[in-house]
Amino acid sequence: MPSLQNDVRDAQNVALRQLVNGKPLEDVLTTLVLNIEHQSGGMLGSILLLLHEDAPRLYCGAAPSLPPEYNAVVEGFRAGPVAGSCGTAAHFKKRIVVENIATDPLWAQIRREALKHGLQACWSQPIVNSTGDVLGTFALYYHKPRRPTDDELGLIDSFADIAALAIERKRAEEALRKSERHNRALIEHAPYCIHQIDLNGRLISMNAAGLQMMDVADEKRIVGMRYLDVVSQNDRPRIQALLDAAMQGEASEFEFRSTDGTMFASSFIPIFDDDRQVNRLMGLTQDITERRRVEEERLVLESQLRQSHKMEAVGQLAGGVAHDFNNLLTAILGNAETLLRTLEQSGQPDLTEKFESGIKEIQLAGNHAATLTRQLLAFSRREILRPELIDPRVALREMNALLSRLVSEQIELDVLIGDQVSMIHADSGQLEQIVMNLVVNGADAMPNGGPLQIKLEDMELYGRPVPGFEDAVPGRYVQLSVTDRGTGMSPETIERMFEPFFTTKPVGKGTGLGLSMVYGIVKQSKGFIQVESSVGTGTTFRVCFPAIDHGETLETSMTPTEKKRSEASILICEDESMVRSVMCKALAAAGYSVIESEDGRSALEAALQHDSPIELLITDVVMPGLNGSELAEKLVEIHPNVRVLFVSGYSADHLDVRGIECGATQLLQKPFGPSTLVERVRSMIDGDVAET
């Protein structure tokens with residue numbers, strides 16, 4: 001749209017220049033027709049002049065691209081209610097759009113001649129002068145039936161206005177022998193500001209539209225004013241250079257901001273005397289403030305659309321990456337757990353002590369990596385909390401080494417854990433995210449280093465309300481506080497700090513999602529946050545979770561070797577060999593009869609050859625060929641009582657997991673360890689659980 005408007009403005013300037021320089025009307029109109037033809041490929045333009053003789057008739061003003069034979073037929077065509085597009089438009093003084101000449105009754109008189117030359121559509125706009133009289137028509141022809149777009153209609157409107165200006169000007173010149181008085185009247189009726197500037201850069205005349213634009217009633221008030229006086233200080237050097245060049249005969253078009261902030265598009269057109277010396281400048285100026293506002297809004301919307309498409313693509317990529325990572329992590333964590341259990345059962349304390357800490361570090365790193373995959377999935381879906389009873393003291397101690405690596409050596413990290421701290425019901429991975437976000441924010445607030453304290457203790461909330469957490473009930477809470485001695489926050493920043501995408505960090509240093517994520521997690525966990533901060537002294541975040549007595553903790557699950565054995569047959573279908581190996585070894589060690597397959601086809605073949613009933617199918621959901629849901633549907637036809645445990649690295653709401661008629665289906669999300677897998681299998685087979 002801006003390009004179209006610029007082209008229209010260019011045509012206006014060309015026409016104005018030709019008019020001022022005394023070019024014949026045919027040259028001006030031909031220039032306009034060629035200009036509009038340039039805007040739309042395959043379109044042929046025509047300007048017909050309306051003359052009143054014995055009757056109103058149309059005569060060719062400019063039609064450089066139409067066949068001469070066709071122009072000869074149209075020459076002198078009488079305007080009327082059924083006179084093609086142009087004659088009808090002139091008669092009714094309104095735009096006539098004929099999308100198909102072959103079928104439109106308006107073209108009955110000259111249809112054959114038009115079709116003979118391949119003209120199949122014609123839109124005609126009456127050219128009307130400032131007093132409402134029809135001067136002629138501006139027509140667009142096409143070689144195919146078609147309807148106009150809004151842009152095309154706007155284009156023909158604009159060029160018809162320019163043609164009206166040209167025709168009226170030339171007719172006035174002819175009638176009044178190029179009278180300066182009439183020339184002034186023509187400029188006065190122009191809908192945009194037309195002004196003249198002397199060789200000293202001062203205004204010497206301005207039309208009514210210009211005076212209205214400047215909110216001046218009398219032209220005398222602007223005569224003698226320096227042109228640069230209305231230009232903002234920042235734009236003056238540039239406009240002065242263009243003004244100097246115009247005095248040397250160089251025309252220019254430019255945009256500038258006025259002293260009151262209004263945006264204008266303007267031009268300098270040198271006017272030459274008989275000796276080809278510049279004796280004054282003429283300018284055309286339009287207020288484009290609203291146009292610029294619309295353009296800026298469009299650019300913002302386009303940017304948002306590009307961002308939306310990018311995030312959609314990132315979300316799809318993140319889902320695939322998370323799936324692959326979760327497969328690898330299942331193998332890593334599964335083998336680490338198996339190795340650790342083997343060491344514990346080896347009866348060799350020295351060997352266990354030598355390798356136990358290293359294996360646990362692998363498990364800790366694997367669990368942190370699993371948390372990262374959940375963050376990747378957050379690009380494409382809302383993360384689902386997996387709350388469990390947690391001892392926050394243990395969780396914080398396990399994070400201590402990781403937190404030390406998150407901050408620079410200049411940060412003095414001090415972790416204080418109270419002697420009596422209650423349990424909490426929360427998602428362990430999300431609890432880690434909360435702590436890490438608050439620690440990183442605190443460290444960032446102290447670029448030159450300083451003390452950063454993490455404190456964990458019980459506290460009680462009495463009947464006072466908590467801003468933003470009005471539904472927080474009085475009672476006992478576990479309070480995690482993070483205190484820095486950094487730059488602090490102003491009251492305005494504190495008011496907005498939990499808004500998504502709000503950040504005070506430099507570009508590229510933060511997404512603005514950290515605190516909004518903390519807020520959401522705490523809110524879902526029925527807790528609350530309190531913040532104390534002041535500029536220059538530091539910040540304290542207090543995150544509070546409802547406290548649970550230690551006596552309410554879940555019973556410690558028995559290890560797989562302590563539970564009863566089961567001889568149930570389990571069919572495992574997993575296309576990732578590392579993951580399949582971990583699952584098969586774990587279930588075989590737990591006493592189950594395991595049938596191993598690498599894809600859906602081989603799983604069905606194994607089921608057909610298996611004599612005894614298969615009690616459980618464990619299958620990945622997303623597999624090449626036959627996927628997990630399709631395998632489950634086919635397997636139930638062979639073993640009607642089979643139960644199904646889907647395993648996947650994708651989140652549940654990204655999967656096509658359909659229930660099967662036999663009943664029990666569950667989903668176990670990767671990564672998981674051998675003990676988790678065995679416990680889930682026992683709950684489905686030995687515990688007779690039918691969770692769908």
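If you're wondering where the values come from, they're calculated on a predicted model, not measured in any experiment.
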* Does Asp484 reach the main-chain N or O of Thr539 with its side chain, forming a donor-acceptor pair under 3.5 Å? -> yes
* May I ask you to test the Phe646-Thr619 pair for a side-chain heavy-atom distance under 4.5 Å? => yes
* Is it true that the side chains of Asp260 and Ser258 contain a donor and an acceptor less than 3.5 Å apart? -> yes
* Asked: With the threshold set at 4.0 Å, does a side-chain nitrogen-carboxylate oxygen contact exist between Arg293 and Glu290?
  -> yes
* Flag side-chain contact, heavy atom, 4.5 Å: Phe672 against Met583 -> yes
* Show the numbers, then the answer: is there a side-chain contact (heavy atoms from CB on, under 4.5 Å) between Arg257 and Asn234? => CA-CA 9 Å; Arg257 191 176 296 277; Asn234 291 338; over 6 Å; no
* Can any side-chain N or O of Arg580 pair as donor or acceptor with the backbone N or O of Glu574 at less than 3.5 Å? -> yes
* To do: Taking the side chain as every heavy atom from C-beta outward, state whether Leu228 and Gln240 have any pair of such atoms under 4.5 Å apart.
  => yes
* Decide yes or no for Pro624 and Asp599: does some side-chain heavy atom of the first lie under 4.5 Å from some side-chain heavy atom of the second? => no
* Hey, is the main chain of Met446 close enough, under 3.5 Å, to the side chain of Thr487 for a donor-acceptor pair? -> no
* To do: Verify the distance criterion only: is there a donor paired with an acceptor across the side chains of Gln479 and Ser481 at less than 3.5 Å?
  => no
* Please check if any side-chain donor atom of Asn627 sits under 3.5 Å from a side-chain acceptor atom of Ser629, or the reverse. => no
